[in-house]
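Input: a single structure, listed below in structure tokens.
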Amino acid sequence: MILGFFITVITLGICYPFALVLKQRWRAKHTYIDGQQLVFTGSAIGLFGHWIKWFLLSIITLGIYLFWVGPRLQRWITVNTEFAAPVAPLQPLVPGAFVVASPAARA
């Protein structure tokens with residue numbers, strides 16, 4: 001995350017998409033939902049075109065368009081985040097049989 005900050009500051013925000021992709025890849029790699037790991041599939045090149053468009057629209061509208069940049073950026077992140085690999089559901093040891101343990105069975 002520190003690298004992303006330095007990339008953004010040194011390039012005056014032009015390379016922010018590259019920093020954002022670095023952060024999202026790290027975040028997805030370290031996030032598990034119900035035992036399934038997430039993976040971020042977005043690329044900085046894919047975001048760069050949107051970023052330039054949003055930047056120019058923000059300048060033209062004197063900053064009013066910035067209210068739409070946040071939700072659009074979050075939507076782009078959400079669309080490009082997926083589960084790494086599907087995990088098969090638990091299968092019973094014997095087809096058609098389920099094991100149920102009860103406290104009375106232990107005694």
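In this text the structure is predicted, and so the values were computed from the model without any measurement.
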Heavy-atom closest pair (Q37 atom, K29 atom, distance to 0.1 Å) is NE2-O, 2.6 Å

Do I33 and F83 have side chains that approach each other closer than 4.5 Å (heavy atoms only, starting at C-beta)? yes

Donor-acceptor contact present, side-chain R25 to main-chain G42, <3.5 Å: yes

Discussion item. Any non-hydrogen side-chain atom of H30 less than 4.5 Å from a side-chain atom of W26?
Written reply: yes

Residues passing the side-chain contact (heavy atoms from CB on, under 4.5 Å) test with I59, sequence neighbours excluded, are F55

Taken to the nearest 0.5 Å, the spacing of I14 CD1 from W51 CH2 works out to 11.0 Å

Of L73, L47, I52, the one forming a side chain to side chain contact (heavy atoms under 4.5 Å, CB included) with P17 is L47

d(T11 OG1, Y16 OH) to nearest 0.5 Å is 12.0 Å

For W76 together with F40, are the ring centres under 6.0 Å from each other?
yes

Looking only at heavy atoms, the pair that brings V69 and S58 closest together is CG2-OG, 4.1 Å

d(C15 SG, L20 CG) to nearest 0.5 Å is 12.5 Å

When I77, V79, T78 are each screened for side chain to side chain contact (heavy atoms under 4.5 Å, CB included) with R75, the one that passes is V79

I'd like to know if the side chain of T31 and the backbone of L38 have a donor-acceptor N/O pair within less than 3.5 Å.
no

query: Given the rule that I, L, V, M, F, W and Y join up when any side-chain heavy atoms are under 4.5 Å apart, are W68 and W54 in one cluster?
result: yes

Output for pair (I64 CD1, I60 CD1), nearest 0.5 Å, gives 12.5 Å

Side-chain touch V21/S43, heavy atoms, less than 4.5 angstrom = no

